Amino acid sequence: MCGNCKDKRPSTKQLFLRVLPNRFRWSHVSRGKLDNMVDFPVSGLDITPYMASSVSRNASDHPKGVTFDLSSVVVHHGSGVSSGHYTTYGQRNGNWYHFNDSSVKACTEQTVMKQKAYLLFYTRSIHRA
């Protein structure tokens, strides 16, 4: 809705990140992968403290707030920037699976939590009353 003419107009929404986390180390001498363990929640990730104040006030209108649940984890195997292999852990209907090229195997949530995550994907939680 246009703030000036109060008419519906096509719009575009954009998201910009100011600082990107870096999982690889770059210097003039060497390049390598940072091999830090990342602590991440499987469910109930609350990002309200990091939202713009007007949006976070609206989030409080929801009885349980706005939270997110982990749906997928990408893992980089290997130590090099220009080498290695990526696999994914994904969830469907409450069950976790490990995707490695053409192989798909069931796994536990505990296995997922032990991974050195490269990318984490979350979906908005659905709270049923």
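Scope of the values below: all heavy atoms of this structure, side chains included, with no hydrogens, waters or symmetry mates. The structure displayed is predicted, hence computed values, not measured ones. Note that the numbering runs from 1 along the sequence shown for the chain.
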*asked:* Within the supplied structure, the quantity of interest is the number of heavy atoms (other residues, nucleotides, ligands) at a distance under 6.0 Å from Asp7 CG; does it exceed 12?
replied: yes

Hey, could you give me the [atom1]/[atom2] distance between [X] and [Y], rounded to the nearest 0.5 Å?
| X | Y | atom1 | atom2 | answer |
| --- | --- | --- | --- | --- |
| Arg92 | Ser72 | CZ | OG | 13.5 Å |
| Met37 | Lys114 | CE | NZ | 9.5 Å |
| Gln91 | Thr123 | CD | OG1 | 8.0 Å |
| His85 | Asn100 | NE2 | CG | 4.0 Å |

*Provide the closest heavy-atom pair for Gly84 versus His76 in the form atom of the first, atom of the second, distance.*
CA-NE2, 3.9 Å

*Which pair of heavy atoms, one from Gly3 and one from Lys6, lies closest together, and at what distance?*
O-NZ, 2.9 Å

*Using modelled atom types only, decide if a donor and an acceptor are shared between the side chain of Asp69 and the backbone of Gly44 within a distance under 3.5 Å.*
yes

*Is Ser125 reaching over with its side chain to a backbone N or O of Thr67, donor-acceptor style, under 3.5 angstrom?*
yes

Going by heavy atoms in the side chains, are [X] and [Y] under 4.5 Å from each other?
| X | Y | answer |
| --- | --- | --- |
| Phe40 | Val73 | yes |
| Leu70 | Phe121 | no |
| Trp96 | Thr108 | no |
| Lys116 | Val38 | no |
| Tyr118 | Val75 | no |
| His77 | Thr87 | yes |

*Looking at the rings of Tyr89 and Tyr97, which for Trp means the six-membered one, are their centres under 6.0 Å apart?*
no

